[in-house]
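In what follows, chains carry the letters A, B, and so on, assigned in the order in which the sequence lines appear, proteins first and then strands, with residues in each chain numbered from 1. Values below: all heavy atoms of this structure, side chains included; hydrogens, waters and symmetry mates excluded.
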2 protein chains.
Amino acid sequence: MKAEIVAVGTELLLGQIVNTNAQFISKECAAIGVDMYFQTVVGDNEQRLLDTFRLAASRADVVICTGGLGPTQDDLTKDVLAAFVGRELVLHEPSMKTITELFESRGIHMVESNRRQALMIEGSDPLHNETGLAVGNAFTYEGTHFILLPGPPKEMKPMFTKYAVPWLQAVMTDAVPLYSKMLKFAGIGESNLEHQLLDLIEAQTDPTIAPYAKEGEVTIRLTTRAQSQEEGEKRLFPTEQAIRVRLADHLYADQDVPIENVVLQLLEQKQLTLSVAESCSGGLLSDLLTDVPGSSKSFLGGIVCYSNALKHKLLGVPMEILEGDGAPGAVSSETAVLLAENLIATTGSDFGISITGVAGPSPSEGKPVGLVYVGFAQRNAETAVFTLQLSGNRESVKHRAAKSALYQLWKQLKDH
Amino acid sequence: MKAEIVAVGTELLLGQIVNTNAQFISKECAAIGVDMYFQTVVGDNEQRLLDTFRLAASRADVVICTGGLGPTQDDLTKDVLAAFVGRELVLHEPSMKTITELFESRGIHMVESNRRQALMIEGSDPLHNETGLAVGNAFTYEGTHFILLPGPPKEMKPMFTKYAVPWLQAVMTDAVPLYSKMLKFAGIGESNLEHQLLDLIEAQTDPTIAPYAKEGEVTIRLTTRAQSQEEGEKRLFPTEQAIRVRLADHLYADQDVPIENVVLQLLEQKQLTLSVAESCSGGLLSDLLTDVPGSSKSFLGGIVCYSNALKHKLLGVPMEILEGDGAPGAVSSETAVLLAENLIATTGSDFGISITGVAGPSPSEGKPVGLVYVGFAQRNAETAVFTLQLSGNRESVKHRAAKSALYQLWKQLKDH
């Protein structure tokens with residue numbers, strides 16, 4: 001089945017945003033055996049949009065459109081596509097109800113243009129939008145399947161995975177699906193991981209082994225073709241086992257989840273609690289943890305002891321440790337230990353993590369950008385300190401420091 | 001001058017990489033007055049590549065191709081384009097010399113296929129590649145200007161800026177550069193903002209007015225054509241003023257910066273300090289603030305009082321307010337006030353912001369997802385509470401709550 005993505009939006013043509021939607025959809029399509037032939041970006045212009053739809057319909061079996069479903073005047077996708085296929089736009093009552101209720105609940109007047117977001121092409125299937133207001137559409141016209149999705153990635157992505165993929169699979173007849181599995185690693189860099197698997201990677205035929213890195217974690221995607229999950233698992237098994245044996249200390253999940261989810265799950269299973277004291281990571285570790293629904297079961301909270309004053313006032317680090325000639329300073333293993341130990345004394349949690357370091361862009365206390373100490377305290381055990389030298393800009397250092405702390409906690413918990 | 005980008009590469013169609021090249025080139029083109037009409041991605045396939053060139057040549061004055069200039073079998077761009085325009089491929093001697101020398105210096109045998117990287121379309125101008133081996137090309141065929149660049153961004157970007165842009169400017173006769181300005185708004189939704197500017201937006205000709213929304217903030221881009229910044233500013237002035245007058249309470253910057261940067265700047269100017277107490281936002285507000293270099297000058301830190309235990313222990317909220325029949329609960333204006341007031345008493349900061357609410361996915365204390373209270377305390381002034389009903393998933397609620405808190409602080413500071 002041949003597919004084409006049509007991304008609509010002048011902001012893409014002006015280079016204001018990157019077309020990450022196209023990558024996401026292409027990946028998802030590959031995973032279900034849909035072959036992507038073209039990706040096209042076109043602006044908010046009626047004639048060019050129409051020409052683009054005509055061309056796409058002539059050369060693709062599936063046309064997936066993103067963008068231009070919003071409330072404003074330059075959101076033309078539905079109007080132009082309706083004109084192209086000769087159908088009317090009709091109101092999708094459930095979406096209209098959601099929109100109306102939302103405005104009522106906020107006590108603000110609903111502008112009439114918002115109604116546009118609840119319009120659908122006549123005879124299409126609605127694709128529910130759980131994170132936004134514009135409803136998606138899917139329909140077939142003269143043998144071509146059209147899928148319409150909003151542009152914002154946080155709306156488009158869940159809609160595509162949850163509703164568009166099953167819709168596509170229902171209309172597909174011939175493709176042998178790709179079967180993929182993600183293995184997730186922490187505490188190891190991409191090149192080191194690749195080095196340890198070099199013989200496997202060089203000899204790969206089926207499954208394929210594709211490593212890629214995000215800040216502070218590495219993913220390996222194993223891919224084969226299979227008609228069922230069972231068959232897929234069987235084909236992946238020998239390769240997966242070989243990797244597991246070599247990298248047991250780093251492999252924290254066999255699905256695409258961040259390490260914070262796994263850590264919180266382990267804490268909950270073992271009925272243990274956590275609190276954190278963050279200096280250079282500035283709240284990011286707490287933010288990552290609280291992004292996980294249900295984190296309140298194990299995560300008590302934390303202290304963003306960004307200034308030395310708060311390290312002293314809230315966590316009792318003596319000023320003579322923090323400042324002055326010959327003092328270890330805020331960025332030191334001494335401070336990391338005191339922060340973590342006083343933290344668990346203050347919050348009563350089972351584990352306490354502290355992070356103090358130099359996020360940059362400039363050195364601090366004469367210490368280089370990227371130097372970070374992670375303190376790790378637990379009741380009835382000695383406090384540990386991990387010294388890291390991280391690379392990257394300010395946001396990278398924050399991110400890598402938070403992920404490293406989570407990795408240390410995971411290592412503790414998995415054998416706890 | 002109408003332009004089209006043709007990105008060649010199956011890895012783009014498989015979603016293995018994001019087409020950041022298209023964004024880069026589009027931005028650069030806008031800056032020199034070249035109008036981007038389409039971006040197309042096509043795979044390493046001879047027939048589809050030929051069709052794509054034919055279509056692009058029929059509708060664009062400039063066709064900018066990236067990718068497919070490498071040494072391997074599936075690098076087809078030059079071969080196909082040469083066939084399309086009916087010219088031969090010829091060797092570019094200086095590039096060949098560089099390639100040969102490189103292999104010699106490394107003491108490795110040069111595979112014959114590397115020669116392909118030094119080939120050019122007959123009669124084209126070479127575009128020098130300082131960070132890689134494949135030479136770029138630029139030429140004009142039947143009124144259409146073609147530019148060929150390699151795919152790796154670290155080769156393509158410097159080549160485009162240093163060699164393709166001047167080449168383009170030399171062949172352009174009519175273009176006047178675009179001049180744009182971003183106006184940034186907080187505390188107002190996209191549709192409401194657009195409603196207030198509807199007459200301006202409907203009447204727009206020059207400058208154009210393009211609103212778009214990100215989580216918790218709205219941007220308007222004003223665009224005109226001008227030969228100088230001074231002329232550009234002059235042309236934008238009346239429209240910008242009209243917008244400023246109507247939305248003075250929301251317009252926090254006239255450049256593309258997040259509101260936390262502006263808030264921190266105002267705090268520093270006025271020598272005021274801030275601390276935050278975060279429940280449902282879980283550290284995100286601290287994280288946003290500490291992403292800004294130099295934030296330590298005004299931001300002391302905060303307390304992530306995620307559990308009721310920490311709201312009580314660290315910020316002295318009585319348990320009978322937080323829990324029990326008839327108690328206001330953790331999500332209440334009473335709690336928001338106490339958190340903010342006890343926070344500034346504890347940290348000694350001039351301003352204290354508290355955030356408590358229901359981030360979801362489930363209701364809490366019988367209160368709906370998205371209900372958030374922002375407490376705002378300052379020394380020698382009454383504490384204020386703002387009640388928000390936010391939409392979206394867990395991460396959206398956290399984000400919008402943090403941005404709303406920053407908006408309230410900005411409003412205070414701008415008239416302080």
Side-chain donor-acceptor pairs under 3.5 Å in residues 289-306 of chain B, sequence neighbours left out?
unit_1  : atom_1 : unit_2  : atom_2 : d
T290(B) : OG1    : G282(A) : O      : 3.2
T290(B) : OG1    : K398(A) : NZ     : 2.7
T290(B) : OG1    : S286(B) : O      : 2.9
T290(B) : OG1    : D287(B) : O      : 3.3
D291(B) : OD1    : K398(A) : NZ     : 2.7
S295(B) : OG     : Y306(A) : OH     : 3.4
S295(B) : OG     : R394(A) : NH2    : 3.4
S295(B) : OG     : L289(B) : O      : 3.3
S295(B) : OG     : V292(B) : O      : 2.9
Y306(B) : OH     : S295(A) : OG     : 3.4
Y306(B) : OH     : R394(B) : NH2    : 2.8

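Atom CG of N19(A) is separated from atom OG1 of T20(B) by 11.5 Å, given to the nearest 0.5 angstrom. Note that CD1 of I5(A) is 8.0 Å distant from CG of L13(B), once rounded to the nearest 0.5 Å. In this structure, the separation between CG on D74(A) and CD on E194(B) is 7.0 Å, given to the nearest 0.5 Å. Rounding to the nearest 0.5 angstrom, the gap separating the NZ atom in K313(A) from the OG1 atom in T346(B) is 8.5 Å. How far OG of S396(B) is from CD of E155(A): 8.5 Å, rounded to the nearest 0.5 Å. Atom-to-atom distance recorded for H399(B):NE2 and K154(A):NZ is 10.5 Å, nearest 0.5 angstrom.
When A277(B), C280(B), S391(B) are compared by the number of non-hydrogen pairs under 4.5 Å with chain A, S391(B) comes out ahead. If you tally non-hydrogen atom pairs under 4.5 Å between each of E202(B), E190(B), Q389(B) and chain A, the highest count goes to Q389(B). Interface check for chain B: of the options L285(A), L284(A), N45(A), the most heavy-atom pairs under 4.5 Å are formed by L284(A). Of all the listed residues (L102(A), L288(A), N114(A)), the one sharing the greatest number of non-hydrogen pairs under 4.5 Å with chain B is N114(A). Between chain B and the options N393(A), L12(A), T273(A), L133(A), the largest number of non-hydrogen pairs under 4.5 Å is found for L12(A). Options G392(B), S191(B), A309(B) differ in how many heavy-atom pairs under 4.5 Å they form with chain A, and the most are formed by S191(B). Counting heavy-atom pairs under 4.5 Å between each of R59(B), M36(B), R48(B), Q16(B) and chain A puts R48(B) at the top.
Applying the side-chain hydrogen bond (donor to acceptor under 3.5 Å, both in side chains) test to pairs two or more places apart or on separate chains, those with a residue in residues 22-41 of chain A are E4(A)-T40(A), S26(A)-Q39(A).
Side-chain contact check for I201(B) versus T72(A): every heavy-atom pair is 4.5 Å or farther apart.
Only the backbone of I17(B) comes within less than 4.5 Å of a heavy atom of chain A; no side-chain atom from C-beta onward does. Only the side chain of L314(A) comes within less than 4.5 Å of a heavy atom of chain B; its backbone N, CA, C and O stay farther away. In this structure, chain A has no heavy atom under 4.5 Å from any part of E278(B). Only the side chain of L310(B) comes within less than 4.5 Å of a heavy atom in chain A; its backbone stays farther off. Both the backbone and the side chain of T347(B) come within contact range of chain A, judged by heavy atoms closer than 4.5 Å. Contact annotation for K311(A): neither backbone nor side-chain heavy atoms come within less than 4.5 Å of a heavy atom of chain B.
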Evaluate the criterion side-chain contact (heavy atoms from CB on, under 4.5 Å) for residue pair V111(A) and L198(B); output intermediate values, then yes/no. CA-CA 11 Å; V111(A) 182; L198(B) 202 59; over 6 Å; no
